[in-house]
Amino acid sequence: MIGWVIFGTNDLDKSKNFYDTFIAKLGLVKALDEKEYVGYARIDDPKRVIFYITLPFDGAKATFGNGTMVALEASSPEVVNIVHQLAIENGGLNEGNPGKRDYDRDAYFSYFRDLDNNKICVYSEF
């Protein structure tokens with residue numbers, strides 16, 4: 001069971017603005033907005049943060065993990081399309097256009113990287 005996910009960032013304001021463009025479409029709301037981190041929670045459980053972006057605690061540069069990816073569930077393929085478009089329009093890097101994949105016939109996926117190069121999958125099951 002996953003409790004929460006944290007992505008490091010080197011520019012919290014830029015990262016926050018990036019995620020704020022689409023995070024509500026995934027059913028998340030900004031629950032914490034502190035000097036060193038931002039936390040997002042499900043709209044129906046706003047006190048339980050499940051996704052953070054943060055400046056690294058040790059003060060070193062944030063780096064992404066090679067082979068690391070977080071998948072965020074959307075309510076429909078249309079929302080996957082919207083989130084992917086917003087991410088790319090706001091500086092994200094396309095890692096795979098929205099669509100069905102041969103490896104999973106019951107879901108619809110998109111892939112992109114955020115401003116700190118963290119890889120994100122947004123998907124919806126049919």
Side-chain angles (χ1 to χ4, degrees):
M1 171 72 58
I2 296 173
W4 61 85
V5 173
I6 298 174
F7 275 167
T9 182
N10 293 302
D11 188 326
L12 189 58
D13 288 333
K14 280 179 72 174
S15 188
K16 175 173 51 173
N17 291 337
F18 174 80
Y19 282 99
D20 286 352
T21 66
F22 63 80
I23 206 80
K25 305 230 182 281
L26 298 171
L28 298 174
V29 61
K30 190 184 305 172
L32 297 169
D33 192 346
E34 302 294 333
K35 181 180 173 186
E36 296 175 344
Y37 61 89
V38 174
Y40 298 95
R42 290 174 40 139
I43 289 171
D44 62 351
D45 194 1
K47 292 186 178 181
R48 185 172 171 251
V49 175
I50 61 172
F51 180 63
Y52 291 90
I53 51 175
T54 184
L55 298 170
F57 179 76
D58 65 3
K61 183 178 177 182
T63 60
F64 62 94
N66 187 23
T68 301
M69 178 178 66
V70 170
L72 302 173
E73 187 173 10
S75 59
S76 69
E78 293 78 19
V79 171
V80 172
N81 291 339
I82 291 166
V83 169
H84 187 86
Q85 179 180 346
L86 289 169
I88 302 309
E89 287 176 357
N90 287 281
L93 299 174
N94 186 359
E95 287 279 315
N97 288 325
K100 294 168 91 175
R101 300 296 191 269
D102 291 339
Y103 50 81
D104 192 327
R105 295 183 187 153
D106 296 330
Y108 188 86
F109 301 87
S110 90
Y111 299 89
F112 58 88
R113 290 191 181 268
D114 71 5
L115 304 179
D116 291 286
N117 216 21
N118 295 299
K119 189 169 183 180
I120 300 167
C121 169
V122 177
Y123 73 99
S124 175
E125 296 184 19
F126 290 108

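Because only heavy atoms are used, hydrogens play no part in the values below, and waters and symmetry mates are left out as well, while side chains stay in. Since we're looking at a predicted model, the values are computed, not measured.
Heavy-atom minimum distance, V80 versus S110: CG1-CB, 3.7 Å. Listed here is the closest heavy atom pair of V79 and L26: CG1-CD2, 4.4 Å. Nearest heavy atom pair, residue A31 against residue A41, reads CB-CB, 3.9 Å.
Taken together through direct or relayed side-chain contacts under 4.5 Å among Ile, Leu, Val, Met, Phe, Trp and Tyr, I50 and V122 form part of one hydrophobic cluster. When hydrophobic clusters are built by joining Ile, Leu, Val, Met, Phe, Trp and Tyr residues whose side-chain heavy atoms come closer than 4.5 Å, directly or via intermediates, I53 is not grouped with I6.
Annotation: salt bridge (Lys or Arg N to Asp or Glu O under 4.0 Å) contacts of D44 (sequence neighbours excluded): R42. Residues satisfying the side-chain hydrogen bond (donor to acceptor under 3.5 Å, both in side chains) criterion with D33, sequence neighbours excluded, are K16.
Shown here is F57, whose CZ atom has no more than 12 heavy atoms of other residues, nucleotides or ligands within 6.0 Å. Heavy atoms of other residues, nucleotides or ligands lying less than 6.0 angstrom from NZ of K30 number more than 12.
For the pair D116 (side chain) and N118 (backbone), a donor-acceptor distance under 3.5 Å is absent. Using modelled atom types, one side-chain atom of R101 and one backbone atom of G99 make a donor-acceptor pair closer than 3.5 Å. Side-chain atoms of N10 come within 3.5 Å of backbone N or O of A62 as a donor-acceptor pair. In terms of modelled atom types and a separation under 3.5 Å, the side chain of T21 and the main chain of A87 share no donor-acceptor contact.
The closest side-chain heavy-atom distance from S76 to Y108 is not below 4.5 Å.
A donor atom on one side chain and an acceptor atom on the other are not found under 3.5 Å apart for Y19 and N90.
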Item to check | Derivation of the ring-ring contact (aromatic ring centres under 6.0 Å, His included) call for F64 and F7 | outcome: CA-CA 8 Å; F64 62 94; F7 275 167; over 10 Å; no
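Ring geometry for F109 versus Y111: interplanar angle under 30°, hence parallel rather than tilted (30 to 60°).
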